[in-house]
2 protein chains.
Amino acid sequence: MSIIDAAASVFCREGFAGANIDLIAAEAGVSRQTIYNHHRDKEKLFTAVVRDLTERCNAGIFATFASFPDQPRDLEGDLIGFAVRMNQNCICNRDGRFLRKLIQTEGERYPELFGEWRDQGPGRTWPALAARFARLAHAGHLAVDDPDVAARQFLALANAELQTTFMLGGMPSEDEVLQSATHGVRTFLRAFGKRRSAAAVEKQLASA
Amino acid sequence: MSIIDAAASVFCREGFAGANIDLIAAEAGVSRQTIYNHHRDKEKLFTAVVRDLTERCNAGIFATFASFPDQPRDLEGDLIGFAVRMNQNCICNRDGRFLRKLIQTEGERYPELFGEWRDQGPGRTWPALAARFARLAHAGHLAVDDPDVAARQFLALANAELQTTFMLGGMPSEDEVLQSATHGVRTFLRAFGKRRSAAAVEKQLASA
DNA sequence: ACAAATTTAGACAGTCTTGTCTAATTCGTC
DNA sequence: GACGAATTAGACAAGACTGTCTAAATTTGT
C-alpha cells in the first residue's frame, strides 16, 4: 500500500491528532524516515492526502456523470441506476468515505485546504449535474424550474435513507443503496416528472 | 461554563485524541483535579458529554414536534415554518452541531455508545415524525404511502442546500436555512401534496 | 560491476499528556 | 465561628509522539 493510501486510512481511523506516523509507516510497509523524506512533516502529509482524495473522487464523479441518462428510455429506472452508481462508485466507496470523514473531522482546522476542496469538489460537480438536469428538462423529460436546486435535491433524496449510516462512517449494503435510490428517485419524479398532466393528477386524486 | 459544556466544546474542536484536559479545565474555570473527581477519566468524561448532548437534542426535537402543523391552515407555509424551527432549534444550534460532529468523528471508536445514541435519537425521533405525516395524510392533507420514507425525505429535502456547510461544521445563516426549507418543502409538496379545492379544505376544516 | 541515490533501523532529545498525589485553601452548613 | 466536604495549585512519574541524526544496507541506473 502506498504511503498516501496508508496515511488516508490511519488519518481516517484515528483523526489527525491521534494518527501515529510509525503506524502509517508500518501500514505502508516503509520506514518512518522515508515518510519524512517524501513529505516534510505530518501536516504536509495530511494535506497531500486530502488533495489526492479530492482528485480521485472528482475523477470518479465525472466518470459516473458520463453514464447520466441524457436520452432516457425508462426515466425512473435510468435515474435509479444513475443514483446507485453515484453512491456505489463515488460516495460509499473507500475514497469517498475517507474524504468525507476527513472533511468532517478536520475541515475547520485547515480552512484554505478545504476551501480548495469546496471549489474543486462541490463547486465543479454540482453545476455539472445541474446542467444534466437542465438538459433533461429542456428535452421535455422533466419539469424543473431551478436545475441547481433540483440537482442538490436529487442527491439529497437519493441518500435520504443512508444518512445515519454515513454519520457513523459505515458502509451501506448494496440493498440499502438500491432502496434509498429507488425511494428517492420516485419522490423526485413525483415532484419533477412530466408524465402526468394536471388533469390526470386531479383524476387520480379523485379516484383515491 | 459547566465542565460538560466546556468538554463538549473542546472535544468538538480538537477531537478526542487532540482534546487536552487542562484546556477543558481552563475553559470550564475549574482545576484539572475537579474534572478527575467528577469523571473518572477522559473516556468517562467523553461518554458523559455524548449522553448529555443526546438528551438535550432529543428534548429540543420533541419540543419542536409540538409545533408540527397537525391542522394546517397554510400547509406550505406551516411546513416551511416547521422545517425552519427544526433546523434552527435542533440541527444548527450549538448542541446539534456538537453532537453531529462527535458522532461523525468518534462514532466508530465507541460502537455501544453510539448504538445507544442511534436508539435514543433517530430511533425515537424518526418514527415520531413519521406519525405526524401519517396523521396529515389520514386527514387528507397529503398523499403519502410510506410515512417513514416521507419523514426521512422531508428532512433530507429541508437540509438539501445546507449539506456542504454541515460537512465543514459551519453554521448556516438564517437566510440559508429559510431558502433550503422553502425549496425543500415546495418539492416535498409537489411530490406528496394533494391539490385540493379551496371548498374541500374549508369543508374539512369546518368538520374538524 | 560500480557508483550514486534511496531506504532502513535504531537511537535520541525535546515536548506533551494523562492520571495521581499532597498540602493548602475555599465553600457550605449548622 | 467551626467543622467537614469540596476545590485548588502544583509537583510528579510514566508513557507516547514528533522530527532529527547516523551509519549500514539496499536499490537503481549505467
Side-chain angles (χ1 to χ4, degrees), chain A residues 1-53 98-99 101-114 169, chain B residues 1-53 98-99 101-114 169:
Chain A
M1 180 150 42
S2 84
I3 290 177
I4 293 282
D5 286 335
S9 168
V10 174
F11 279 135
C12 255
R13 270 207 319 276
E14 316 286 348
F16 179 81
N20 180 320
I21 301 271
D22 288 315
L23 187 56
I24 295 174
E27 204 146 318
V30 301
S31 76
R32 178 179 50 228
Q33 189 58 44
T34 300
I35 292 183
Y36 283 107
N37 287 344
H38 290 304
H39 310 275
R40 182 161 308 282
D41 56 24
K42 195 178 177 182
E43 197 171 306
K44 285 288 227 178
L45 174 59
F46 178 76
T47 60
V49 166
V50 173
R51 291 220 175 77
D52 189 76
L53 284 176
F98 281 5
L99 181 57
K101 179 132 188 201
L102 291 185
I103 290 163
Q104 287 167 348
T105 56
E106 310 292 343
E108 286 165 294
R109 203 185 311 282
Y110 302 89
E112 91 300 340
L113 176 60
F114 289 96
Chain B
M1 181 150 38
S2 83
I3 291 176
I4 293 281
D5 286 335
S9 168
V10 175
F11 279 135
C12 255
R13 270 207 319 276
E14 317 286 348
F16 179 82
N20 179 324
I21 300 270
D22 288 315
L23 186 57
I24 294 173
E27 205 146 318
V30 302
S31 74
R32 178 176 55 229
Q33 188 58 44
T34 300
I35 292 183
Y36 282 107
N37 287 344
H38 289 304
H39 310 276
R40 183 161 308 283
D41 56 25
K42 195 179 178 182
E43 196 171 307
K44 286 288 226 178
L45 174 59
F46 179 75
T47 60
V49 165
V50 174
R51 292 219 173 80
D52 188 75
L53 285 176
F98 282 5
L99 181 56
K101 180 131 187 203
L102 292 184
I103 290 164
Q104 288 168 346
T105 55
E106 311 293 343
E108 284 163 295
R109 203 186 311 283
Y110 302 89
E112 91 299 340
L113 176 61
F114 289 95

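We name chains A, B, ... by the order of the sequence lines, and we start the count at 1 in each one.
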**Student:** Could you give the CD1-to-P distance, from A/I35 to C/dG10, as a whole number of Å?
**Tutor:** 16 Å

**Student:** For B/A28 and B/I3, work out which heavy atoms get closest and say how close.
**Tutor:** CB-CA, 3.9 Å

**Student:** Measure the distance from CZ on B/R32 to P on D/dC12 and round it to the nearest whole Å.
**Tutor:** 13 Å

**Student:** Can you tell me the distance, in whole Å, between the CD1 atom of B/I21 and the P atom of D/dG15?
**Tutor:** 19 Å

**Student:** Compare side-chain N and O positions of B/H38 against OP1 and OP2 of D/dT7 and report whether any pair is under 4.0 Å apart.
**Tutor:** yes

**Student:** At 4.0 Å (heavy atoms only), tell me whether A/A19 reaches a base, stays on the sugar-phosphate, or touches nothing.
**Tutor:** sugar-phosphate

**Student:** Whole-Å distance between C/dG19 P and B/K44 NZ?
**Tutor:** 13 Å

**Student:** Relative to each other, are the rings of B/F114 and B/F46 parallel, tilted or perpendicular (30° and 60° limits)?
**Tutor:** tilted

**Student:** CG of B/N37 versus P of C/dT22: gap in Å, rounded?
**Tutor:** 14 Å

**Student:** Would you kindly compare A/R40 and B/T34 by the position of their nearest DNA chain D nucleotide and give the one closer to the 5′ end?
**Tutor:** B/T34

**Student:** Which pair of heavy atoms, one from A/E27 and one from A/S9, lies closest together, and at what distance?
**Tutor:** OE2-OG, 3.2 Å

**Student:** Within the 4.0 Å heavy-atom criterion, would you say A/H39 contacts the bases, only the backbone, or no part of the nucleic acid?
**Tutor:** nothing

**Student:** A/R32 pairs by side-chain contact (heavy atoms from CB on, under 4.5 Å) with which of A/I24, A/I21, A/L23?
**Tutor:** A/I21

**Student:** Using whole Å, report how far OH of A/Y36 lies from P of C/dG10.
**Tutor:** 17 Å

**Student:** Here's a test of your reading of the structure: between B/A17 and B/Q33, which maps to the more 5' nucleotide of DNA chain C?
**Tutor:** B/A17

**Student:** Under 4.0 Å from OP1 or OP2 of C/dC16: is there any side-chain N or O of B/N20 that close?
**Tutor:** no

**Student:** List the atom of B/A7, the atom of B/V49, and the distance in Å for their closest heavy-atom pair.
**Tutor:** CB-CG2, 3.6 Å

**Student:** Can you tell which of D/dT8, C/dG19, D/dG19 lies closest to the side chain of B/K42?
**Tutor:** C/dG19

**Student:** Take the protein atom CG of A/D22 and the nucleotide atom P of C/dA11, then report the distance between them rounded to whole Å.
**Tutor:** 13 Å

**Student:** Please report, rounded to the nearest Å, how far the C1' atom of C/dG19 is from the CG atom of B/L45.
**Tutor:** 13 Å

